[in-house]
**Student:** 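I have a structure here, written as structure tokens, and I will follow up with some questions on it.
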Amino acid sequence: MKIDYVALNELLFPVPDDVVNEIPSSFSDVTFSHLRSVKFEGITGKKPEMEIVKLLLAKSPMLVRMLIQPNKENGSVETRLKVLTEITKFPRASPKAAVVYNIGV
């Protein structure tokens, strides 16, 4: 199994914001051991988006690359920098996991 692309709208919709805090605990015994590459497009920095990024980094021991393309039309450079700062703090299950965040200034 190889996942090259994750569509956030399909994964998260219609999960309301108040349920997001429950997502990590519901995945506590899940490991995405075959996940090697992930691509996110249109990231705005909303809590559900950040939680799925955090979850995949924490639960993917074989992850090599995560490419994140922020939504440039609906966010300022400051918002994109804030998102980048937060993502770099997330724990990673894979020591080889490189996160490429195309800030697109």
Side-chain angles (χ1 to χ4, degrees):
M1 180 173 124
K2 181 178 179 184
I3 299 174
D4 290 316
Y5 180 79
V6 177
L8 283 177
N9 291 338
E10 293 175 23
L11 281 178
L12 296 177
F13 187 79
V15 178
D17 286 339
D18 59 339
V19 175
V20 172
N21 289 331
E22 298 173 22
I23 291 174
S25 62
S26 65
F27 283 96
S28 63
D29 59 346
V30 173
T31 301
F32 303 103
S33 58
H34 297 287
L35 189 63
R36 305 244 189 279
S37 178
V38 178
K39 180 180 180 181
F40 291 105
E41 293 180 345
I43 295 290
T44 60
K46 291 181 182 174
K47 191 168 183 168
E49 296 171 340
M50 300 304 283
E51 288 294 326
I52 195 72
V53 169
K54 184 177 184 178
L55 174 72
L56 290 177
L57 285 172
K59 297 291 186 171
S60 305
M62 302 303 290
L63 187 67
V64 176
R65 184 171 193 250
M66 180 180 284
L67 174 63
I68 301 174
Q69 297 277 46
N71 185 337
K72 296 174 187 168
E73 295 157 9
N74 293 331
S76 66
V77 173
E78 292 79 19
T79 300
R80 292 190 297 248
L81 284 171
K82 182 179 176 185
V83 169
L84 174 60
T85 301
E86 187 173 347
I87 290 171
T88 59
K89 296 176 184 176
F90 291 159
R92 300 176 192 190
S94 171
K96 296 180 180 179
V99 177
V100 178
Y101 186 84
N102 185 1
I103 195 152
V105 180

**Student:** Examine Val77 and Val100 and state if one hydrophobic cluster contains both, with Ile, Leu, Val, Met, Phe, Trp and Tyr joined whenever side-chain heavy atoms are less than 4.5 Å apart.
**Tutor:** no
**Student:** Return the CD1 to CE distance between Ile52 and Met50, rounded to the nearest 0.5 Å.
**Tutor:** 12.5 Å
**Student:** So how far is it from Lys89 NZ to Glu86 CD, rounded to the nearest 0.5 Å?
**Tutor:** 8.0 Å
**Student:** Would a single hydrophobic cluster contain both Leu67 and Phe32, if residues Ile, Leu, Val, Met, Phe, Trp and Tyr are joined by side-chain heavy-atom contacts under 4.5 Å?
**Tutor:** no
**Student:** Taking all heavy atoms of Ile87 and all of Arg92, pick out the closest pair and write down the distance.
**Tutor:** O-NH2, 4.5 Å
**Student:** Between the main-chain N or O of Gly45 and the side-chain N or O of Glu49, is there a donor-acceptor pair closer than 3.5 Å?
**Tutor:** yes
**Student:** Do Leu81 and Tyr101 land in one hydrophobic cluster if side-chain heavy atoms of ILVMFWY residues count as linked below 4.5 Å?
**Tutor:** yes
**Student:** For residues Phe90 and Val99, determine if any side-chain heavy atom of one lies less than 4.5 Å from a side-chain heavy atom of the other.
**Tutor:** no
**Student:** Could you measure the distance from the CG atom of Leu63 to the CZ atom of Arg65? Nearest 0.5 Å is fine.
**Tutor:** 10.5 Å
**Student:** Mark yes when over 12 heavy atoms from residues, nucleotides or ligands other than Met62 sit less than 6.0 Å from its CE; otherwise mark no.
**Tutor:** no
**Student:** For the atom pair CD (Gln69) and CZ (Arg80), what is the distance rounded to the nearest 0.5 Å?
**Tutor:** 11.0 Å
**Student:** Can you name the nearest heavy-atom pair linking Asn102 to Pro70, along with the distance?
**Tutor:** O-CD, 2.9 Å
**Student:** For a quick test of reading the model, state the closest non-hydrogen atom pair linking Thr44 to Thr79 and the distance between them.
**Tutor:** O-CG2, 4.0 Å
**Student:** Hey, could you give me the OG/NZ distance between Ser33 and Lys59, rounded to the nearest 0.5 Å?
**Tutor:** 12.0 Å
**Student:** For Lys96, does its backbone N or O pair with a side-chain atom of Ser94 as donor and acceptor, under 3.5 Å?
**Tutor:** yes
**Student:** How close do Ala93 and Ala58 get, heavy atom to heavy atom, and via which atoms?
**Tutor:** CB-O, 3.2 Å
